[in-house]
Number of protein chains: 2
Amino acid sequence: MIGSGGVQADFCTTCTVRPNSVCSVIEPGDISRLAEVAVESIVPPGRGFIEEGAPATDFFNVTSGTVKLFKALPDGRRQITGFAAPGHFLGLAVSDSYAFGAEAVDTVRVCRFSREKMTELLDDFPKLERRLLEEASNELVAAQNQMLLLGRKTARERVASFLLDQMHAGLPPGQDGNGGRLHLPMTRGDIADYLGLTIETVSRTLSWMRAQGMIEVGKGYAITVLSVAKLEVLAAGNG
Amino acid sequence: MIGSGGVQADFCTTCTVRPNSVCSVIEPGDISRLAEVAVESIVPPGRGFIEEGAPATDFFNVTSGTVKLFKALPDGRRQITGFAAPGHFLGLAVSDSYAFGAEAVDTVRVCRFSREKMTELLDDFPKLERRLLEEASNELVAAQNQMLLLGRKTARERVASFLLDQMHAGLPPGQDGNGGRLHLPMTRGDIADYLGLTIETVSRTLSWMRAQGMIEVGKGYAITVLSVAKLEVLAAGNG
DNA sequence: GGGATGCATTGATTTACATCAAACCATCTG
DNA sequence: CAGATGGTTTGATGTAAATCAATGCATCCC
């Protein structure tokens, strides 16, 4: 385990109030059970807290910030398999070692559980197991979409799909956020590693979209989507 | 639902004896419960039985043969997200429509459950839910590996990884099958759609591997792996 | 202020793979 | 048997994206 340090609170307080968090399915009366197993950690930007291949000792529940999950090849090539937002659950491995690494993009708060105690919890709270199955199913759908993207979409289609995904991410379905304003805490390098492209191609594609009047690229990590329709045409494989 | 026809038996008989099948976690005394909800279908080669986007009415458990799962873009580009072998579970969608299509590669036998009755089963048999969670976790790991392959590996690395995966597929871990002999029921087109390549590139890569003495390409669907070591070097990103 | 440092952007060139095209070789069918 | 069909292989050419290479532009720190 890398970066197991970081500030630690006595108890995972935030995740009991987050909707969709793992802890939120526990009945209020049983919260004390949770206090025995859950510890909150604050992970600074860039710090890794799950190392690919290391013994899988803990489960995590993200309560704030953004986490990048990735796999790497021996020569350093990296594929980011997903960005985990608050409510997301990490470390659901059947194997006894982690199949992926995890690193904080910005400042991240996670709720940490030991795996063996988690097993006990699962036995006692069937709702929790149902919730995990639901989460895993959703991730599977996302993974299949990403395979289609990585295997068959062009660079422009990938970036368009990514921006559209980011607009809907973390929002209840059927809501379009705040007028296309996106924050995107990750670097161009992270986006490239997520989309199976290079930094240069991501940058060029964003520049091209700006020239087409589809987006505005602001300072820092701000991007504003000006035309969802144009991006949707692109992402679907037309345009 | 496409191709919902096909020969149907009164009851899913094969899946109760298959290790790792969904039915196998049901206690023998409760098999009668299962008989109420499970129906076996035989699906001929090339026939689709799950249509992407159609209402998700059923769950399936593959009991023999090989199924290809795929997603498609409007213009016809296709990505095969996985091949489902016996024991595999299909249709675990949270949404009310299927996120992918499924089609028989060779002759396939599936055990079909209605989703609403499946929900009742889940309530009554906690073991079943545990088994599904395990299955979903394994698929998630496979999906992450595939994302690394699609996003970051070269054509040679992809084909090498595929052949190695196929050698271990369906076997208990730590067993190397029958001397490198592989059957591969799918066409070059299927392999291409699975690896994010074209038919021609798959064919050329296999020819190259033959020329390198790594494999033998037999008639029909037979491929023999002559040097696992060479393939492993390739798949890891060296060579 | 004046380097460093760490992203991001833009341009020139290369290349791995796709595309286009032609055989090849089974199996099937009238 | 001839011809059609569907998958596979091999070759010639094209191109989208990678690579190589500057330059820009913040923030940080001495």
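Just the heavy atoms: all of them, side chains too, but no hydrogens, waters or symmetry mates, feed the values below. Sequence lines set the chain letters: A, B, ... in the order given, protein chains first and strands last, and positions in each chain run from 1.
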Tell me whether the OP1 or OP2 atom of [N] has a side-chain N or O from [X] closer than 4.0 Å.
{"X": "A:Arg210", "N": "C:dT10", "result": "yes"}
{"X": "B:Thr154", "N": "C:dA16", "result": "no"}
{"X": "B:Ser203", "N": "D:dT8", "result": "no"}
{"X": "B:Thr198", "N": "C:dT19", "result": "no"}

Quiz item: Counting N and O atoms only, with roles assigned by atom type, does the side chain of A:Arg158 sit under 3.5 Å from a partner on the main chain of A:Ala235, one being a donor and the other an acceptor?
Solution: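 Pair absent, no side-chain N/O of A:Arg158 close to backbone of A:Ala235.
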How many Å lie between [atom1] on [X] and [atom2] on [N], as a whole number?
{"X": "B:Ile199", "N": "D:dG7", "atom1": "CD1", "atom2": "C1'", "value": "8 Å"}
{"X": "A:Ile223", "N": "C:dT9", "atom1": "CD1", "atom2": "C1'", "value": "13 Å"}
{"X": "A:Tyr221", "N": "C:dC7", "atom1": "OH", "atom2": "P", "value": "7 Å"}
{"X": "A:Arg156", "N": "D:dT15", "atom1": "CZ", "atom2": "P", "value": "14 Å"}
{"X": "B:Lys153", "N": "D:dA18", "atom1": "NZ", "atom2": "P", "value": "18 Å"}
{"X": "A:Leu234", "N": "D:dA16", "atom1": "CG", "atom2": "C1'", "value": "15 Å"}
{"X": "A:Arg188", "N": "C:dA8", "atom1": "CZ", "atom2": "C1'", "value": "7 Å"}
{"X": "B:Leu184", "N": "D:dT8", "atom1": "CG", "atom2": "P", "value": "11 Å"}

Among the nucleotides [options], which one has an atom lying closest to any side-chain atom of [X]?
{"X": "A:Thr187", "options": "D:dT9, C:dA8, C:dC17", "answer": "C:dA8"}
{"X": "B:Ser207", "options": "C:dA18, D:dT9, D:dG7", "answer": "D:dT9"}
{"X": "A:Glu200", "options": "C:dT9, C:dA18, D:dC20", "answer": "D:dC20"}

Quiz item: Got a second to check how far B:Leu163's CG is from B:Met209's CE, nearest 0.5 Å?
Solution: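 Those atoms lie 5.5 Å apart.
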Across the strands shown, which category fits [X] at heavy-atom distances under 4.0 angstrom: base, sugar-phosphate, nothing?
{"X": "A:Gly196", "answer": "sugar-phosphate"}
{"X": "A:Leu206", "answer": "nothing"}
{"X": "A:Gly220", "answer": "nothing"}

Quiz item: Hey, is A:Asp190 close enough to A:Arg78 for a salt bridge, meaning N to O under 4.0 Å?
Solution: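 Answer for the salt bridge query: yes.
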Quiz item: Angle class for the A:Phe49/A:Phe60 ring planes (parallel below 30°, perpendicular above 60°, tilted otherwise)?
Solution: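 A:Phe49 and A:Phe60: perpendicular rings.
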Quiz item: Does B:Arg204 or B:Met186 map to a spot on DNA chain D nearer the 5' end, using the closest nucleotide for each?
Solution: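 Final value for this comparison: B:Met186.
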Practice problem: With the side chain counted from C-beta on, respond yes when A:Thr107 and A:Pro45 share a heavy-atom pair under 4.5 Å apart, and no when they do not. | Solution: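 Of all side-chain heavy-atom pairs linking A:Pro45 with A:Thr107, at least one is under 4.5 Å.
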